[in-house]
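Working notes, beginning with the structure itself.
One is the number of the first residue; the rest follow in order along the sequence. Scope of the values below: all heavy atoms of this structure, side chains included, with no hydrogens, waters or symmetry mates.
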Amino acid sequence: MARLPPSDAAREQAKSDVEIDDVARCAAAGEISEYAAVVEGEERTTWFVWLLVCCCTISGLLFGYDTGVISGALVTINGDLGPPELSNGQKEFITSATTLGALLGGLAAGAISDWTGRRPVLGIADVLFMGGAVGQAVSHTVWSMIGCRFLIGIGVGLASCVAPLYIQELSPTRLRGSMVVLNVVMITLGQVIAYGIDAGFANVSAGWRWMVGLGSVPAASQLALLVYLPESPRVLVRRGDMEAARKVLSRVYALASSEQVDLKLRVLHATVKQSIEIANSTTFWQRFGSVFSNPINRRALVIACGMQAFQQLCGFNTLMYFFFFFFFFFFFSF
């Protein structure tokens with residue numbers, strides 16, 4: 001590309017700055033939408049997008065597998081952890097340790113991913129998944145089992161928060177909803193696979209060790225695939241690495257022209273710039289209060305929390321964690 005004369009280069013830079021400021025003002029007024037920068041082929045998927053989805057949705061698969069597999073393991077542990085039979089309290093601790101770890105991991109996931117990036121956090125989650133799975137498989141005491149379940153819970157919390165965010169930030173605008181939904185579908189698939197493996201190893205000696213240990217396989221697969229994925233363009237823009245962000249966007253929008261990719265980058269730059277300005281000009285409590293005071297934020301909060309509350313109050317978690325226990329109790333105890 002021919003180098004512009006200094007005067008022309010200055011005019012182009014001034015024009016770019018004006019466009020960024022215009023987009024930022026629209027965003028502040030709540031007028032910016034996904035259609036602010038529409039590019040050619042945005043509704044079509046490429047091999048890069050499918051690699052991204054296949055890799056990141058493994059996090060959903062691990063989430064479902066590790067929360068579902070304990071149902072069958074509790075029934076077949078018997079005296080392998082010391083006591084001749086696990087008490088109800090011990091079963092509850094083993095089961096709930098994952099939930100506690102997920103709570104703490106989820107709370108820390110956002111801050112860690114903003115600091116290190118999305119991809120490293122997924123890698124950390126995979127290491128926790130593998131360590132927890134192998135640790136469970138070789139456990140010989142109740143408390144070591146609880147500790148490994150807690151470790152896996154932290155991985156669940158990190159992955160469940162960062163994986164959808166990573167998918168959303170690396171997917172074409174028009175496909176983000178469907179791409180993120182695939183992660184949720186994989187959670188259910190992971191639970192189904194866990195129940196199938198539980199049934200397959202139910203009559204194998206120490207089969208529960210295989211049940212929990214096999215969770216390390218998809219985690220290792222995802223860790224290997226992460227090598228081929230880039231960092232989120234939003235994180236790169238926050239770091240000021242505009243050239244790297246542009247390269248990532250050109251892979252996401254492979255059919256778009258150079259000018260269209262530049263437009264996408266300017267819109268992304270404007271939104272990141274706005275978020276940084278808000279963070280620097282307000283306190284944490286002011287931002288927290290806007291979740292309730294802003295009608296748009298409040299409506300989203302009510303919908304999200306309402307759906308989560310309904311999911312918990314319907315009692316599905318009890319069935320998910322103790323399905324095999326109920327099955328054996330009702331059909332084999334009489």
Go through it in stages, so that I can follow the logic: the residues are Leu226 and Asp126, the test is side-chain contact (heavy atoms from CB on, under 4.5 Å), and I'd like the CA-CA distance, side-chain angles, deciding distance and then a yes or no. CA-CA 10 Å; Leu226 282 175; Asp126 287 329; 3.6 Å; yes
What's the verdict on side-chain contact (heavy atoms from CB on, under 4.5 Å) for Leu81 and Gln90, showing C-alpha distance, side-chain angles and the deciding distance? CA-CA 11 Å; Leu81 295 180; Gln90 289 170 332; over 6 Å; no
Can you list the steps and then say if Leu214 with Tyr65 is a side-chain contact (heavy atoms from CB on, under 4.5 Å)? CA-CA 10 Å; Leu214 285 173; Tyr65 184 88; 3.7 Å; yes
Given the rule in the side-chain contact (heavy atoms from CB on, under 4.5 Å) test, do Leu52 and Cys56 qualify, once you have shown the distances and angles that lead to the verdict? CA-CA 6 Å; Leu52 159 74; Cys56 292; 3.6 Å; yes
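With a 4.5 Å cut-off on side-chain heavy atoms, Lys273 and Glu277 count as touching. The side-chain heavy atoms of Glu259 and Leu263, taken from C-beta on, include no pair separated by under 4.5 Å. Residues Glu231 and Pro120 have side chains in contact (heavy-atom distance under 4.5 Å, counting atoms from C-beta outward). Counting heavy atoms from C-beta outward, Phe150 and Leu104 have side chains that approach closer than 4.5 Å. Side-chain contact between Val142 and Phe93: absent, with no pair of heavy atoms (C-beta onward) separated by less than 4.5 Å. At a threshold of 4.5 Å between non-hydrogen side-chain atoms, the residues Gln136 and Met145 count as touching. Side-chain contact between Leu86 and Ile77: present, with at least one pair of heavy atoms (C-beta onward) separated by less than 4.5 Å.
One hydrophobic cluster holds both Leu175 and Val53 under the rule that ILVMFWY side chains link at heavy-atom gaps under 4.5 Å. Cluster annotation: Val181 is not connected to Met186 through the hydrophobic network of ILVMFWY side chains, with a link wherever side-chain heavy atoms come within less than 4.5 Å. When hydrophobic clusters are built by joining Ile, Leu, Val, Met, Phe, Trp and Tyr residues whose side-chain heavy atoms come closer than 4.5 Å, directly or via intermediates, Tyr228 is grouped together with Ile58. Under a hydrophobic-cluster definition in which Ile, Leu, Val, Met, Phe, Trp and Tyr are linked whenever side-chain heavy atoms come within less than 4.5 Å, directly or via other members, Leu74 and Val204 are assigned to the same cluster. Under the 4.5 Å side-chain contact rule for hydrophobic residues, Leu182 and Val49 share a cluster.
Taking both residues in full, the closest heavy atoms of Ser258 and Arg246 are given as OG-NH2, 2.5 Å, listed atom of the first, atom of the second, then distance. Annotation for Leu128 and Ile152: closest pair O-CG1, 4.3 Å, computed over non-hydrogen atoms. Between Cys55 and Leu225, the shortest heavy-atom contact is SG-CB, 3.7 Å. Summarising the geometry of Ala125 relative to Leu158, their closest heavy-atom pair is CB-CB, 4.1 Å, with the distance given to 0.1 Å. Taking each heavy atom of Ala102 and Val156 in turn, the nearest pair found is CB-CG1, 4.1 Å. Annotation for Pro233 and Val248: closest pair CD-CG1, 3.9 Å, computed over non-hydrogen atoms.
For the side-chain hydrogen bond (donor to acceptor under 3.5 Å, both in side chains) test, no residue two or more places apart in sequence or in another chain qualifies with Ser290. Residues that satisfy the side-chain hydrogen bond (donor to acceptor under 3.5 Å, both in side chains) test with Arg298, not counting sequence neighbours, are absent from this structure. Legend: residues meeting ring pair (Phe, Tyr, Trp, His ring centres under 6.0 Å) with Phe48, ordered by chain and number and at least two apart, are absent.
If you run side-chain hydrogen bond (donor to acceptor under 3.5 Å, both in side chains) between Trp208 and each of Asp198, Thr76, Asp80, only Asp80 comes through.
Side-chain atoms of Thr271 come within 3.5 Å of backbone N or O of Leu268 as a donor-acceptor pair. In this structure, Thr57 contributes its side chain and Gly60 its backbone to no donor-acceptor pair below 3.5 Å. For the pair Thr95 (side chain) and Glu92 (backbone), a donor-acceptor distance under 3.5 Å is absent.
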Which atom pairs, donor and acceptor, lie under 3.5 Å between side-chain atoms of residues 234-243 and protein residues at least two apart or in another chain?
residue: Arg239; atom: NH2; partner: Thr116; partner atom: O; Å: 2.9
residue: Asp241; atom: OD1; partner: Ala244; partner atom: N; Å: 3.3

Table please: side-chain donor-acceptor pairs of residues 106-114 below 3.5 Å, with sequence neighbours left out.
residue: Ser113; atom: OG; partner: Ala109; partner atom: O; Å: 3.1
residue: Ser113; atom: OG; partner: Gly110; partner atom: O; Å: 2.9
residue: Ser113; atom: OG; partner: Arg118; partner atom: NH1; Å: 3.1
residue: Asp114; atom: OD1; partner: Arg118; partner atom: NH1; Å: 3.0

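Distance check: Leu62 CG to Thr67 OG1 gives 10.0 Å after rounding to the nearest 0.5 Å. The CD atom of Gln222 sits 5.5 Å away from the CG atom of Leu122 when rounded to the nearest 0.5 Å. For the atom pair Ser281 OG and Ile276 CD1, the distance stands at 11.5 Å (nearest 0.5 Å). Note that OH of Tyr253 is 11.0 Å distant from CD of Gln260, once rounded to the nearest 0.5 Å. A distance of 9.0 Å separates CG in Leu61 from CG in Asp66, rounded to the nearest 0.5 Å. Separating the CZ atom in Arg149 from the CD1 atom in Ile146 is a distance of 10.5 Å, to the nearest 0.5 Å.
Counting only residues at least two apart or on different chains, no salt bridge (Lys or Arg N to Asp or Glu O under 4.0 Å) pair has a member in residues 130-139.
Between Phe288 and Phe292, the ring planes lie perpendicular to each other; the angle is over 60°, past the 30° to 60° tilted range. Under the 30°/60° scheme for interplanar angles, the aromatic rings of Trp210 and Phe201 are found to lie parallel.
Summarising the local packing, CG of Asn203 is surrounded by 12 or fewer heavy atoms from other residues, nucleotides or ligands at distances under 6.0 Å.
There is no side-chain donor-acceptor pair under 3.5 Å between Ser171 and Arg176.
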